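What follows is a short report on a single structure.
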Amino acid sequence: IFIIAGLSILSYLLGSIPTALWYGTHYHGIDIRTMGSGNAGATNTFRVLGKKAGSIVLFVDALKGFLATGLAAVLFYLHLIDWQTCVTLKIFFGFLAIIGHLLPVFCDFKGGKGVATTLGMVLALHPMAALVSIVVFLIVFGISHYVSLGSMVASIVFPLLLTFGVFGEEIPTLIYFGYFIAFLVVFTHRMNIVRIFKGTENRMYLIPSKK
Ligand code: G3P
């Protein structure tokens, strides 16, 4: 129980690492939360600081979710827990990393929207469903040029794939958790939704000349 408590705190702290904020402050001397959409996440880093910075933040933020989820697998391989407990703990540690990203202890609990960290987590939890969700994200983003819309639709597609058993029978806990995460992602994007309806949401173009 002490190991689980310790790893829970570690997962939250891992998620709390404010990659976008620290990268912006350290390499560019700016507070990312005062620019672009004001979000301390990979998308806003792409928007404000460019592709290199955005890719690094995306990678590190996803890694936070991936590693936290992986902590449960370590316990399983050390024969400390059974497979069922491992899956439950993967979900729990990954969730704590997402909470850490949304409400980071290192910067006044003002974090990002949790998309990249969720991506890392679902890649570790269910790689196939995660990859299909990434493809869905790319299609929605490619058509709409809204990263937010792509993120929301992809987060909803993930539990739907599990519900319809596209990759075989799934553990119910994972399916319920998928819907909960989708709800969380839509909730963190509530202002983006308002902007999409108003027509003021920032569009992102991979080829800048099309702007
Ligand atoms: O990663 C978050 C993304 O879906 C939206 O970010 O900066 O456009 O609000 P942003």
Side-chain angles (χ1 to χ4, degrees), residues 14-25 28 30-66 68 94-95 97-104 107-123 130-159 178 180-208 210-211:
L14 204 58
S16 264
I17 297 171
T19 324
L21 184 68
W22 282 354
Y23 189 94
T25 330
H28 299 267
I30 60 136
D31 182 341
I32 193 79
R33 295 171 303 178
T34 63
M35 306 182 83
S37 69
N39 188 51
T43 306
N44 204 31
T45 308
F46 267 107
R47 187 180 288 130
V48 176
L49 300 174
K51 287 192 182 114
K52 184 187 158 205
S55 310
I56 293 171
V57 172
L58 176 63
F59 179 75
V60 177
D61 278 352
L63 193 64
K64 297 189 306 188
F66 191 87
F95 174 66
I98 295 170
I99 292 297
H101 182 81
L102 301 181
L103 305 165
C107 52
D108 310 328
F109 299 99
K110 287 188 192 114
K113 294 177 182 171
V115 177
T117 307
T118 300
L119 172 67
M121 180 205 186
V122 293
L123 274 171
L131 287 175
V132 173
S133 301
I134 292 174
V135 172
V136 170
F137 165 83
L138 291 173
I139 294 170
V140 176
F141 168 58
I143 294 171
S144 68
H145 298 285
Y146 292 140
V147 178
S148 53
L149 188 63
S151 304
M152 286 187 280
V153 174
S155 74
I156 294 166
V157 163
F158 181 80
F180 177 65
I181 286 294
F183 168 78
L184 208 59
V185 169
V186 173
F187 179 75
T188 60
H189 286 76
R190 58 199 182 281
M191 291 316 294
N192 299 77
I193 297 173
V194 172
R195 289 198 292 267
I196 289 171
F197 279 109
K198 278 188 183 165
T200 54
E201 174 70 336
N202 205 311
R203 287 178 196 264
M204 201 180 265
Y205 295 87
L206 293 180
I207 304 163
K210 279 197 179 169
K211 246 182 188 173

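Heads up: numbering here begins at 1 and tracks the sequence. In each ligand, atom 1 is the first atom listed, and ligand 1 is the first ligand listed. What you are looking at is a predicted structure, and each value in this text was computed from that prediction instead of being measured. Only heavy atoms go into these numbers, but all of them, side chains included; no hydrogens, no water, no symmetry mates.
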Do side-chain atoms of [X] reach the backbone of [Y] as a donor and acceptor pair under 3.5 angstrom?
| X | Y | answer |
| --- | --- | --- |
| His28 | Gly24 | no |
| Asp108 | Lys110 | no |
| Asn192 | Ser148 | no |
| Arg203 | Ser144 | yes |
| Lys64 | Ile17 | yes |

Return yes when [X] approaches ligand 1 closer than 4.0 angstrom through a heavy atom, no otherwise.
| X | value |
| --- | --- |
| Gly41 | no |
| Met152 | no |
| Asn202 | no |
| Arg47 | yes |

Name the closest protein heavy atom to [atom], giving the residue it belongs to and the distance to 0.1 Å.
| atom | answer |
| --- | --- |
| atom 5 (C) of ligand 1 | His189 NE2, 3.7 Å |
| atom 7 (O) of ligand 1 | Ser37 OG, 2.5 Å |
| atom 6 (O) of ligand 1 | Thr43 CB, 3.7 Å |
| atom 9 (O) of ligand 1 | Lys113 NZ, 2.5 Å |

> Among side-chain atoms of Thr117 and Asp61, is any donor-acceptor pair under 3.5 angstrom?
Replying inline: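 The answer is no; no qualifying pair exists.
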
>> Is there a polar contact between ligand 1 and Ser151, counting only N or O atoms under 3.5 Å apart?
In response: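 Yes, Ser151 has an N/O under 3.5 Å of an N/O on ligand 1.
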
>> Can you give me the closest heavy-atom contact between Met204 and Phe46, atom names plus distance?
In response: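 Closest approach of Met204 to Phe46: CE-CB, 4.1 Å.
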
>> Show me which atoms of ligand 1 lie under 4.0 Å from any heavy atom of Asn44.
In response: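 Matching atoms, with element in brackets: 7 (O).
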
> Which of the atoms of ligand 1 are close to Asn39, meaning less than 4.0 Å from one of its heavy atoms?
Replying inline: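 Atoms satisfying the 4.0 Å criterion: 7 (O).
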
>> Does Phe66 have more than 12 heavy atoms from other residues, nucleotides or ligands lying within 6.0 Å of its CZ?
In response: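 At most 12 heavy atoms, drawn from other residues, nucleotides or ligands, come within 6.0 Å of this atom.
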
